[in-house]
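One structure is given below, encoded as C-alpha cells.
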Amino acid sequence: MSDKKVRVRFAPSPTGGLHLGGVRTVLFNYLFAKKHGGDFVLRIEDTDQTRYVDGAEQYIMDCLKWCGLTPDESPLVGGPFAPYRQSERKPLYREYAERLVENGHAYYAFDTSEELEQKRKDVPNFQYGHAYRHEMRNSLSLPLHEVEKLLHDGTPHVIRIKMPEDETIGFDDMIRGHVTFDSNLVDDKVLLKADGMPTYHLAVVVDDHLMKITHAFRGEEWLPSAPVHILLWKVLGWEAEMPAWAHLPLILKPDGHGKLSKRDGARLGFPVYAMNWQDNKTGELTPGFRELGFLPEAFLNLLAMLGWNDGTDQEIFSLDELIEKFSIDRISKAGAKFDFEKAKWYNAEWIKKSEAESLKLKVWEILKSKGIVIKDEAYLLKVIDLVKERCVLLEDFYQQSAYFFQQPAEYDLNAVKPKWTDAKTDFFNAFISILSSPETFDAAELETRFKALAEEKGLKAGDVMLPFRIMLVGGKFGPHVFDIAKLLGESEAIIRIEKALEAFNA
RNA sequence: GGCCCGUUCGUCUAGGGGUUAGGACAGGAGAUUUUCAUUCUUCAAACAGGGGUUCGAUUCCCCUACGGGCUACCA
C-alpha cells in the first residue's frame, strides 16, 4: 500500500445540494491526496434512479470548483478509469454479483417488497440473514429447478450477499483503530437490485477496486455497513488491495442532537449547503455559504477545523497550509456541533487577511447588484482596504462602502438635530473654505485643520466630528472620518457638507 | 430493541500517569478608536459517574450513564 500511488475518491449521489459535511469529506480526501502527491477522483453514485435529481451533478462540480478542490478525474474531465458515473457502468456490476453467486457467497432472492414488509411485521427485529433466509424465497431455500424456472421466466429478483455465520469481521480504521463485528448480526444486504443496478455496497467495492482507490474516507454513518464491504473485498478475492478506511466523525446540530441537516439551517438561520440549491420540483431554495457571503478560503478553513487541528494554537490555515500540515491521526473521533458564530468569525478573519485585489471582483459584483456602478478600480481598492476589517460577510461591503460611491440618501438626523446650532453651521461653512483652498491635505492634516478651526470657533472638536461623519456617510458607522473625507476628495466632501447643511437646518 | 462509534469549559478543541488542565468562538469587564468595527488587556467557564491498576489518575483498564450513528431493492 505504501509503495502505491495514493488515490482517493469522493462519491456523492446526485440527489440534491451538497451538505457541508460532504464538503468536509471532499476536503479531507483532497488534503490527503495532495499531501501524498496522489489523485483525487470524483465518482458519481447515481445508482438509485428514483432519487436522481437533475442538475445535482453539475451543482456538485460547481461546488468543488468554487472551493478550489478540483478532481483529477471526474465525469467532466474523464480519466483512465472512465466512466465515472455508476449508471454508465451498470453492466459491470452484474458480472461480479453473478460471480459471487457461483462461488456461493451470494444468492438470488425473489421476495417481493410486500412479502418482505409482511415478514418484518410478523417477526420483531427481522433480519434477512442466516436465521431467516431459509424461510424466504431465494436460491438457498428453493429447489434448483424452481430457481431456474423463476430466472428463466424473468422473475424480478435481487442478489443478496450471504453473510457467514459465527465469524468476526474486523478491520483497522485509520481514525478509530480496530473495529470488529459479529457476522451473525449483519444481514444479507442486497448487492444487485431488481432493476439491475448495484446497491452502494456492491458498487463502492467494485469501483474502489477497479479505480485502484488506496484510501477511503466517508462519514461515520457508514461504519455499520463496513463489515459488508470488508467481506465483499475478501470474497471477491481483492483483500490485499483493500483501501485503508477512515470513518470521519459527523457534523452535528448546534442545538439539540443528531446530525446536521438542511432543516436545521432553515430552523436556526444559517446555511448548510455549500451553495444555493434550488429544487426544481418544489421550487424550494436552500441557501448556501457562497451566496451568504462566505469566502471559499474561510469555508474550507472552518470545515477543516471541525474535527481536525494541527496540534498548535493556529486557527487560520490556507489550503496550502492545510495540505502541508494535514494528518489523519489528528482527526478527532467524536462528532462536532456546528457553530455558525465561529463560522462567521473565520470569514471575518479571511476578509481582513485578504488583499483588496483578491476581494475586488466579489465586492464589485455585490455593489453592482445594488445598482452601484464603479468606474474607478483604484478607488474601489482603496475603499476595500479602508472598510474590510469591519465586514463579516461579503454583503457587508455594501453597507460599509456604498457611501463612497453615492451620496447618503438620508441622514441619521436624530444623532445631529437635537444638538444642532447656528455656530455649527458657521463652522462647516468655514471648513468648506479650507477644503476649497488650492492647498491639498492628507487625512492627518485635514484633522489638524478641522480641530484648529473648531477651537477657533469656540466649539469642541467632538461636537462637530459626529455631524461631519453623518454628512459624509449618513450614519454613525465607517472608518476614521478624515480617511473617508480624504478618499472622497475635497470637492465631493464640500458637496456633501452643503447638502447635509440644508437637511440639518431644515 | 439490537449492533457499532463516541464522551476535556456553553461550542470547537490542546494536553496527557504528578500541569496554575492551554488556545479559539461566544459571554462579562476595561483600554484604545471623539462613530461603529478592529485591536489590546482582563474575568468567568471543563476532565460524565463508579470501580480498578498505580506511590499517584483527567490521562491506562472495566462497568454504568449519557450522546450519536446504523438497523431499505437510499446513499
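We name chains A, B, ... by the order of the sequence lines, and we start the count at 1 in each one.
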Both distances below 3.5 Å, Watson-Crick or wobble geometry, any strand: find the nucleotide opposite B/A48.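 Pairing partner: B/U64.
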Partner nucleotide, any strand, of B/A21 [Watson-Crick/G-U, under 3.5 Å]: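 Matched B/A21 with nothing under the 3.5 Å cut-off.
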May I ask you to check if A/Arg160 and A/Tyr128 form a cation-pi contact, with NZ or CZ under 6.0 angstrom from the six-membered ring centre and within 45° of the axis?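 Yes, A/Arg160 and A/Tyr128 form such a contact.
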Looking at A/Trp350, I'd like to know if the NZ or CZ of A/Lys353 sits under 6.0 Å from its six-membered ring centre while staying within 45 degrees of the ring's axis.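 Here A/Lys353 passes the 6.0 Å and 45° test against A/Trp350.
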Using a heavy-atom cut-off of under 4.0 Å over every strand shown, decide if [X] touches base, sugar-phosphate, or nothing.
X	result
A/Ser332	sugar-phosphate
A/Val190	sugar-phosphate
A/Asp111	base
A/Glu315	base
A/Gly219	nothing

Quick one: what's the B/S/- string for nucleotides 3-11 of chain B, heavy-atom cutoff under 4.0 Å, read 5' to 3'? SSBSS---S
Does the protein touch nucleotides 28-49 of chain B at the base, only the backbone, or not at all? Give it as B, S and - per nucleotide, heavy atoms under 4.0 Å. ------BBBBSS----------
Write down the distance between [atom1] ([X]) and [atom2] ([N]), rounded to a whole number of angstrom.
X	N	atom1	atom2	value
A/Ile251	B/G67	CD1	C1'	17 Å
A/Trp222	B/G69	CH2	C1'	12 Å
A/Lys189	B/C74	NZ	P	11 Å
A/Leu20	B/C12	CG	P	14 Å
A/Leu306	B/A14	CG	P	12 Å
A/Asp313	B/A21	CG	C1'	14 Å
A/Lys253	B/G67	NZ	P	15 Å
A/Arg94	B/C73	CZ	C1'	13 Å

Proximal nucleotide (of B/A14, B/C74, B/G23) relative to the A/Lys193 side chain: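 The answer is B/C74.
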Do A/Leu292 and A/Leu393 have side-chain heavy atoms sitting under 4.5 Å apart?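 They are in contact (side-chain heavy atoms under 4.5 Å apart), so the answer is yes.
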Got A/Ile175 and A/Ile328 here, is their nearest side-chain heavy-atom distance under 4.5 Å?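 They are in contact (side-chain heavy atoms under 4.5 Å apart), so the answer is yes.
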N-O pairing of A/Glu115 and A/Arg120 below 4.0 Å: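 A salt bridge is absent here (no side-chain N lies under 4.0 Å from a carboxylate O).
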Looking at A/Asp111 and A/Arg137, would you say the former's side chain and the latter's main chain have a donor-acceptor pair under 3.5 Å?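 Here the side-chain-to-backbone pair exists.
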Closer than 3.5 angstrom, by distance alone: can the side chain of A/Arg85 be matched with the main-chain N or O of A/Arg43 as a donor-acceptor pair?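 Between the backbone of A/Arg43 and the side chain of A/Arg85 there is no qualifying donor-acceptor contact (under 3.5 Å).
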Stepwise, does the side chain to side chain contact (heavy atoms under 4.5 Å, CB included) test hold for A/Asp207 with A/Tyr93? CA-CA 9 Å; A/Asp207 284 342; A/Tyr93 307 105; 2.6 Å; yes
Would you sort out whether A/Met465 and A/Phe468 count as a side chain to side chain contact (heavy atoms under 4.5 Å, CB included), showing the intermediate values? CA-CA 5 Å; A/Met465 205 92 106; A/Phe468 188 33; 5.6 Å; no
Here's a test of your reading of the structure: between A/Leu252 and A/Thr47, which maps to the more 5' nucleotide of RNA chain B?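 Residue closer to the 5' terminus by nearest nucleotide: A/Leu252.
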In sequence, state the C-alpha distance, the side-chain angles, and the governing distance for A/Asn184 and A/Asp166, and then conclude on side-chain hydrogen bond (donor to acceptor under 3.5 Å, both in side chains). CA-CA 6 Å; A/Asn184 294 326; A/Asp166 303 322; 2.8 Å; yes
I need the residues from residues 118-138 of chain A with at least one non-hydrogen atom less than 4.0 Å from RNA chain B; give them sorted by number, or say none.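 Nucleic-acid contacts, sorted: A/Arg120, A/Asn125.
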Looking only at side-chain N and O atoms, does [X] come under 4.0 Å of OP1 or OP2 in [N]?
X	N	value
A/Arg160	B/C73	yes
A/Thr312	B/A14	no
A/Arg218	B/G69	no

Positive for ring pair (Phe, Tyr, Trp, His ring centres under 6.0 Å) with A/Phe28, one of A/Phe10, A/Phe217, A/Trp308, A/Phe326: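 So the option named by the test is A/Phe326.
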Please walk me through it: do A/Leu381 and A/Leu359 pass side chain to side chain contact (heavy atoms under 4.5 Å, CB included)? CA-CA 9 Å; A/Leu381 291 176; A/Leu359 259 15; over 6 Å; no
